[in-house]
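One structure is given here, and the rest of the page talks about it.
Lettering follows sequence order; numbering is per chain, from 1. Not measured: the values here are computed from a predicted model.
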Amino acid sequence: MNVAVAKTGKGRAVSDLFTSAEGRLPGSSGVTAVRREAFETYERLGLPHRRIEEWKYTDLRALVGEVLPLAAAPDAAALKRAAEAVKAHAISGARKLVLVDGAFVADLSDVKALAAEAGFRTLRETLDKDAGLLKTATVDAMIALNAAMATDGVVLSIADGAQLSAPIQIIHIATAASASAFSRSKVTIGKGARATIVETFVAAGAAAYQINDAVLVSVGDGADVAHIRLMDDAPDAVNVSSQFVTIGANVKYNFFNMTTGAAVSRLQGFITLAGEGSELSANGVNLLQKTEHGDTTLVVDHAVPNCVSREVFRAVIDDRAHSVFQGRIIVRPDAQKTDGKMMTRALLLSDEAEADNKPELEIFADDVSCGHGATAGALDDSLLFYLKARGLPEKQAQALLIQAFVGEAIEQIADDGLREHVIGIAERWLERRQ
Amino acid sequence: MALLEVKDLKVRVEEREILHGLTLTVNEGEIHAIMGPNGSGKSTLSHVIAGKPGYEVTDGQILFKGEDLLEMSPDERAAKGVFLAFQYPVEIPGVATMNFLRTALNAQRKARGEDEYSTPDFLKKVREVSKSLNIPQDMLKRGVNVGFSGGEKKRNEVLQMALFEPSLCILDEMDSGLDIDALRIAADGVNALRSPKRSMVVITHYQRLLNYIVPDVVHVMSKGRVVKSGGKELALELEASGYAQFEDAA
């Protein structure tokens with residue numbers, strides 16, 4: 001019998017990815033068994049492609065072709081570049097946790113300052129005690145691959161009632177060209193706690209790298225959480241990130257994602273409202289140019305009654321870029337009095353720009369209020385002319401209208417400093433198209 | 001000295017000629033009124049001077065301070081000192097009025113090679129100007145024209161005129177949608193900006209506005225041309241006899 005060896009689009013054997021990395025992956029034999037199983041799942045499924053419904057608009061086989069080998073541990077020169085990047089992208093006052101090419105770097109992090117307010121370990125330190133860190137309810141090829149290959153990550157635990165005085169910023173820095181980084185983190189937020197978590201993805205001199213990140217968040221009853229992700233990767237990078245968020249009762253969870261880089265990016269979020277009386281606000285902005293492809297896929301699962309979810313997404317798409325928004329709201333049979341709304345708008349700045357919006361409502365309860373809306377269009381010529389007649393050159397007039405367009409999503413960020421930080425990144429994106 | 005010279009201007013919109021050879025000269029410091037029935041091309045003229053897309057100039061020229069205006073983009077015209085007060089100012093949600101005013105003013109100054117205003121200097125200037133026009137500060141914090149009444153929108157146009165200090169103001173049907181009190185407030189604002197260095201072209205359908213903004217010269221437009229010019233008394237004459245006589249003449 002001929003046994004065909006699974007090959008990547010570029011001809012490499014898929015299994016090489018794991019076998020060549022295995023010796024460097026943390027965890028004892030129990031963990032290794034979990035990883036092997038996860039990799040087998042990935043090998044069986046292969047890179048997601050358009051015939052898989054969830055990946056219909058983001059065909060990684062066509063867009064990416066293959067997963068690059070695991071990045072080597074960062075050397076001194078890489079760490080130096082990373083230190084510069086930390087300075088450039090750190091949010092003022094935030095407690096920083098820095099991962100370079102998927103490896104935690106204590107020297108660049110504020111471990112000591114953080115210790116007073118939150119429990120912290122690395123994934124590497126924790127895996128042997130908790131192999132469950134590599135398991136998730138939803139399985140797809142990229143999540144399985146993450147479980148197989150995760151080299152490190154942060155495991156944060158915020159105690160019941162803790163009121164964090166400053167945001168915690170997890171900064172992912174890519175320094176290795178043509179290599180992959182796999183990270184997996186876990187954030188546990190106690191009852192009644194108040195916390196702001198920011199995740200930042202940037203490059204420090206690296207090109208053509210690939211990120212596969214996963215974050216598992218659980219939120220205790222009565223907590224108040226702001227969770228912000230900033231995907232500001234290099235223009236030729238690939239970033240596929242998965243988030244699993246489980247929300248308790250009477251929680252306020254305010255999520256915001258902004259994508260301003262990467263040739264191919266996908267954020268897939270699975271948010272479950274598991275306790276009554278909670279309010280989820282999930283918002284995002286995609287700013288895409290050239291041939292960038294940015295995908296936000298969000299599944300909001302109302303598993304219990306009396307929760308509110310609001311989603312506001314904006315995409316600004318220039319040149320031949322392609323933005324995808326897939327939003328699914330699930331209302332379980334018991335989840336009466338659910339109030340779920342989703343609004344997504346795309347602004348097309350060129351004739352060749354493309355937007356795909358796919359809202360889905362799966363409602364199994366009968367006493368709910370759910371809705372969605374989606375629009376796509378160009379900048380309003382009459383507004384542009386008014387601004388130009390007042391002296392604004394074309395690009396500046398466009399920039400002002402684009403800022404107003406994305407403002408509706410950005411203004412959902414409550415903290416003034418964080419909002420300004422996000423606006424700053426959006427402004428830099430606008431400057432790149434001047 | 002001539003500030004604006006429109007010479008034998010022919011303009012088409014979607015294959016249909018709207019202006020059939022219009023000639024008009026506005027000297028520095030003068031106020032000209034352009035009156036005429038609906039469809040005579042008054043608004044087309046104002047749009048072509050400001051550079052609105054969609055109009056095809058097939059013949060003639062427009063000189064502003066001796067330069068070819070038609071070669072300039074709308075923002076370049078603004079920086080040179082052309083200001084069009086819109087008949088229907090647009091609402092721009094999400095762009096705060098204050099931010100818009102500062103961005104526009106500094107863009108014009110930058111284009112002229114002048115220093116941009118610092119934030120405190122700008123705020124001081126806006127406060128002065130808005131106070132003189134009776135514009136409440138909270139209006140400036142709102143989105144541009146968002147939720148403004150007709151009168152507030154026109155006052156916002158006058159505020160910009162005062163702030164940008166253009167040498168040519170074109171007021172396109174400024175009286176449309178305004179009650180008599182709102183009209184008086186807006187007109188007072190315009191009159192305060194009259195200066196020997198500033199010319200105005202007041203486009204209107206009705207003589208009423210000219211009771212408040214008294215012109216030096218009145219032109220009657222009909223079917224895409226200026227068919228008669230005269231002093232301010234021409235406006236009163238029109239009020240009494242109507243436009244019908246000129247429609248026949250054209």
Is it the backbone or the side chain of [X] that comes under 4.5 Å from a heavy atom of chain A, or both, or neither?
| X | result |
| --- | --- |
| Ala111(B) | neither |
| Asn106(B) | neither |
| Phe86(B) | both |

Would you say the side-chain atoms of [X] and [Y] include a donor-acceptor pair closer than 3.5 Å?
| X | Y | answer |
| --- | --- | --- |
| Asn283(A) | Ser281(A) | yes |
| Glu427(A) | Gln403(A) | yes |
| His322(A) | Asp356(A) | yes |
| His293(A) | Ser265(A) | no |

**Asked** If you draw the axis of the six-membered ring of Tyr117(B), does the NZ or CZ of Arg109(B) fall within 45° of it and under 6.0 Å from the ring centre?
**Response** yes

**Prompt:** Does the ring of Phe405(A) carry Arg314(A) above it, NZ/CZ under 6.0 angstrom from centre and within 45° of its axis?
**Reply:**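 Verdict for Phe405(A): a cation-pi partner in Arg314(A).
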
**Fill in**
For residues 57-78 of chain B against chain A, heavy atoms under 4.5 Å, the residues are Pro74(B), Asp75(B), Ala78(B)

**Message:** Applying salt bridge (Lys or Arg N to Asp or Glu O under 4.0 Å) to Asp416(A) and Arg419(A), what does each step give before you reach the verdict?
**Reply:** CA-CA 5 Å; Asp416(A) 291 344; Arg419(A) 204 170 50 245; 2.7 Å; yes

**Asked** Which atom pair, heavy atoms only, marks the closest approach of Ile171(A) to Ala90(A)?
**Response**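 Scanning both residues completely, I find the closest heavy atoms to be CD1-CA, 4.3 Å.
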
**Request:** Under 4.5 Å, heavy atom to heavy atom: which of residues 382-391 of chain A reach chain B? Give them by number, or say none.
**Result:**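 Heavy-atom contacts from residues 382-391 of chain A to chain B are Ser382(A), Leu383(A), Phe385(A), Tyr386(A), Leu387(A), Lys388(A), Ala389(A), Arg390(A), Gly391(A).
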
**Message:** Which label fits Phe255(A) and His227(A): parallel for a plane angle under 30°, tilted from 30 to 60°, or perpendicular past 60°?
**Reply:**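 Rings of Phe255(A) and His227(A): perpendicular, as their planes differ by over 60°.
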
**Complete:** side-chain hydrogen bond (donor to acceptor under 3.5 Å, both in side chains) filter on Glu116(B), not counting sequence neighbours, yields none

**Results of side-chain hydrogen bond (donor to acceptor under 3.5 Å, both in side chains) for Ser46(B) - residues two or more places apart only** = Asp172(B)

